Enquirer: 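Below is a structure I'd like to ask you about.
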Amino acid sequence: TVDMPPGFKYKAAVYYVPAPGETCTVATKDNLAPTFNYWWRENYKADSEIEIYRVRKGCPLVVNNIQLEIFATYGKSRADFSSSGAQVVLKEKLPDEIHREFFDASGVSTFAGECEWWFRTMGKTRVLRKLLNCRDLNYGRPSSRGGPIALYTFGQLANKTIKMKVVMAKEEMPYYKRAWVKFENGWKRCMGEGFEDQHAFCDGNEKDFSHFIVSDGTPCTIYPGCTE
């Protein structure tokens with residue numbers, strides 16, 4: 001299950017491998033990863049019930065990885081969305097206990113991540129687009145350098161609930177910091193060498209700025225807030 005900001009959804013693909021001690025193998029076509037919330041826009045459920053063990057072609061299998069994709073929307077257009085990855089890793093045993101997650105008395109284990117929006121402009125009209133970036137944010141153990149991740153052993157999981165908690169960073173940041181200048185009321189887009197200049201880095205010129213448009217076509221001169 002998940003605890004995420006409004007407008008956030010997730011998709012989960014579950015991957016199985018032969019159980020510990022098994023020597024059998026199963027072709028990929030017979031061991032396809034079940035996917036929850038594949039159609040995350042149209043048919044979404046916050047809770048997913050996952051089999052820890054299953055058998056395919058007579059081979060006992062166990063979950064070893066749950067690949068999560070976190071989706072968030074930022075506008076009304078169908079194209080106004082972005083995503084970022086997370087994962088749950090399962091092992092027979094872990095080499096270092098400090099990385100293992102634990103369950104509370106109610107059988108719930110929560111791992112956390114922090115997401116932030118990166119904004120940039122694209123194309124000759126400089127349309128504002130946003131990219132979602134989520135990082136590992138766990139308490140009581142070292143955070144990884146990538147997206148949210150949680151590690152468990154097989155024996156921990158029967159009849160338990162894993163919850164991914166996602167929080168938002170307080171401030172959105174430019175994808176290319178060299179292309180924007182921050183003022184008290186927001187960020188201004190540097191002009192560069194003109195609208196043909198796709199990178200348009202400031203390169204020391206913090207006086208000449210360009211307008212840009214947001215996804216609904218509204219012209220703006222500062223972000224967020226659009227107008228000064």
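This one's a predicted model, so the numbers in the text were calculated from it and none came from an experiment.
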Enquirer: Kindly work out whether a path of hydrophobic side-chain contacts (I/L/V/M/F/W/Y, heavy atoms less than 4.5 Å apart) joins Ile213 to Tyr74.
Expert: no
Enquirer: Is the shortest side-chain heavy-atom distance between Ile149 and Val88 below 4.5 Å?
Expert: no
Enquirer: Within the side chain of Ser84, is there an N or O that forms a donor-acceptor pair under 3.5 Å with the backbone of Cys134?
Expert: yes
Enquirer: Got Phe103 and Ile162 here, is their nearest side-chain heavy-atom distance under 4.5 Å?
Expert: yes
Enquirer: Taking atom CD of Glu193 as the centre, does the number of heavy atoms from other residues, nucleotides or ligands within less than 6.0 Å exceed 12?
Expert: no
Enquirer: Count I, L, V, M, F, W, Y as connected when their side-chain heavy atoms are under 4.5 Å apart, and connections chain through other members. Are Ile50 and Tyr15 then in the same cluster?
Expert: no
Enquirer: For the residue pair Ser109 and Glu101, confirm or rule out a side-chain donor-acceptor distance under 3.5 Å.
Expert: no
Enquirer: State, to 0.1 Å, how close Glu114 and Leu137 come at their nearest heavy-atom pair, and which atoms those are.
Expert: CB-CD2, 3.7 Å
Enquirer: Hey, does the side chain of Thr73 reach the backbone of Gly75 with a donor-acceptor pair shorter than 3.5 angstrom?
Expert: no
Enquirer: Working to the nearest 0.5 Å, report the span between OH of Tyr176 and NE2 of His199.
Expert: 6.0 Å
Enquirer: Please report the shortest heavy-atom distance between Val63 and Tyr16, naming the atom on each side.
Expert: CG2-CE2, 3.2 Å
Enquirer: With rounding to the nearest 0.5 Å, note down the distance linking OG1 in Thr1 to NZ in Lys165.
Expert: 11.5 Å
Enquirer: Compare every heavy atom of Phe8 with every heavy atom of Ile70, then report the nearest pair and how far apart it is.
Expert: CG2-CD2, 3.7 Å
Enquirer: Parallel under 30°, tilted from 30 to 60°, perpendicular over 60°: which one fits the rings of Phe209 and Phe183?
Expert: perpendicular
Enquirer: Is the shortest side-chain heavy-atom distance between Trp117 and Met173 below 4.5 Å?
Expert: no
Enquirer: Search all heavy atoms of Leu131 against all heavy atoms of Arg120 and return the closest pair with its distance.
Expert: CD1-CD, 4.3 Å
Enquirer: What's the spacing between Leu94 CG and Tyr152 OH if we round to 0.5 Å?
Expert: 11.0 Å
Enquirer: Step by step, would you call Asp3 with Lys163 a side chain to side chain contact (heavy atoms under 4.5 Å, CB included)?
Expert: CA-CA 7 Å; Asp3 178 1; Lys163 177 186 290 186; 4.1 Å; yes
Enquirer: Does Arg189 use its side chain to pair, donor to acceptor, with the backbone of Ala179 at less than 3.5 Å?
Expert: yes
Enquirer: More than 12 non-hydrogen atoms from neighbouring residues, nucleotides or ligands closer than 6.0 Å to NZ on Lys177, yes or no?
Expert: no
Enquirer: Give a yes or no on whether the backbone of Val108 and the side-chain of Thr161 come within a donor-acceptor separation of less than 3.5 Å.
Expert: no
Enquirer: Give the minimum heavy-atom separation between Cys190 and Val181, together with the two atoms involved.
Expert: SG-CG2, 3.8 Å
Enquirer: Under a 4.5 Å cut-off applied to non-hydrogen side-chain atoms, are Lys9 and Asn37 in contact?
Expert: no
Enquirer: Any side-chain heavy-atom pair from Val62 and Pro20 closer than 4.5 angstrom?
Expert: yes
Enquirer: Side chains of Ser48 and Tyr10: any donor to acceptor distance under 3.5 Å?
Expert: yes
Enquirer: Assess the residue pair Phe201 and Trp180 against the criterion (ring-ring contact (aromatic ring centres under 6.0 Å, His included)); give the C-alpha distance rounded to whole Å, side-chain angles, the decisive distance to 0.1 Å, and a yes or no.
Expert: CA-CA 8 Å; Phe201 294 135; Trp180 298 78; over 10 Å; no
Enquirer: What do the steps show when you test Asp203 against Arg178 for salt bridge (Lys or Arg N to Asp or Glu O under 4.0 Å), and what is the final call?
Expert: CA-CA 7 Å; Asp203 289 340; Arg178 289 173 56 197; 3.2 Å; yes
Enquirer: A quick test of your reading: do over 12 heavy atoms of other residues, nucleotides or ligands sit less than 6.0 Å from CH2 of Trp40?
Expert: yes
Enquirer: For residues Met164 and Phe111, determine if any side-chain heavy atom of one lies less than 4.5 Å from a side-chain heavy atom of the other.
Expert: yes
Enquirer: With no hydrogens and no angle check, is any side-chain donor or acceptor of Arg135 less than 3.5 Å from a backbone partner on Glu116?
Expert: no
Enquirer: Are Ile222 and Phe119 connected in the hydrophobic side-chain network, where two residues link if heavy atoms are under 4.5 Å apart?
Expert: no
Enquirer: Begin with the C-alpha distance, continue with both residues' side-chain angles, and end with the deciding distance and a verdict on side chain to side chain contact (heavy atoms under 4.5 Å, CB included) for Glu228 and Thr221.
Expert: CA-CA 7 Å; Glu228 300 174 58; Thr221 58; 3.3 Å; yes
Enquirer: Scan side-chain atoms only and decide if Gln87 and Asn65 contain a donor-acceptor pair under the 3.5 Å cut-off.
Expert: yes
Enquirer: To the nearest 0.5 Å, what is the distance between CE on Met191 and SG on Cys202?
Expert: 11.5 Å
Enquirer: Taking the six-membered ring for Trp, are Phe81 and Phe71 parallel (under 30°), tilted (30 to 60°) or perpendicular (over 60°)?
Expert: tilted
Enquirer: So, does Glu22 use its side chain to make a donor-acceptor pair with the main chain of Ala19 at under 3.5 Å?
Expert: no
Enquirer: Tell me, do Asn31 and Arg54 make a side-chain contact under 4.5 Å, heavy atoms counted?
Expert: yes
Enquirer: Looking only at heavy atoms, what is the nearest atom pair of Glu42 and Arg78, with distance?
Expert: OE2-NH2, 3.0 Å
Enquirer: Counting heavy atoms not belonging to Lys91, are there more than 12 under 6.0 Å from its NZ?
Expert: no
Enquirer: Going from CZ on Phe154 to CG on Leu90, what distance comes out if it is rounded to the nearest 0.5 angstrom?
Expert: 6.0 Å
Enquirer: So that I can tick it off, tell me whether Lys188 and Glu206 are bridged by a salt bridge, with the cut-off set at under 4.0 angstrom between side-chain N and carboxylate O.
Expert: no
Enquirer: Report the C-alpha separation of Thr218 and Cys226 in whole Å, then their side-chain angles, then the decisive distance to 0.1 Å, and conclude whether the side chain to side chain contact (heavy atoms under 4.5 Å, CB included) test is met.
Expert: CA-CA 8 Å; Thr218 302; Cys226 190; 3.9 Å; yes
Enquirer: May I ask whether Val14 and Val26 are part of the same hydrophobic cluster, defined by side-chain heavy atoms of I, L, V, M, F, W, Y residues being less than 4.5 angstrom apart, directly or through others?
Expert: yes
Enquirer: Is a side-chain donor or acceptor of Asn64 paired with a backbone partner of Val89 at a separation under 3.5 angstrom?
Expert: no
Enquirer: Assign the ring pair Phe195 / His211 to parallel, tilted or perpendicular, where the plane angle (0 to 90°) is split at 30° and 60°.
Expert: tilted
Enquirer: Do Leu61 and Leu32 land in one hydrophobic cluster if side-chain heavy atoms of ILVMFWY residues count as linked below 4.5 Å?
Expert: no
Enquirer: Quick one, Cys115 with Met168, criterion side chain to side chain contact (heavy atoms under 4.5 Å, CB included). Give me CA distance, side-chain angles, the key distance, then yes/no.
Expert: CA-CA 5 Å; Cys115 297; Met168 282 299 297; 3.8 Å; yes
Enquirer: Count the heavy atoms of every other residue, nucleotide or ligand shown that sit under 6.0 Å from OH of Tyr44, and state whether that count exceeds 12.
Expert: yes
Enquirer: With the side chain counted from C-beta on, respond yes when Trp187 and Pro174 share a heavy-atom pair under 4.5 Å apart, and no when they do not.
Expert: yes
Enquirer: As a quick check of understanding, evaluate salt bridge (Lys or Arg N to Asp or Glu O under 4.0 Å) for Arg129 and Asp80, giving each step before the final call.
Expert: CA-CA 8 Å; Arg129 300 296 187 198; Asp80 295 341; 3.4 Å; yes
Enquirer: Nearest 0.5 Å, what's the CD1-CD distance between Ile52 and Gln156?
Expert: 10.5 Å
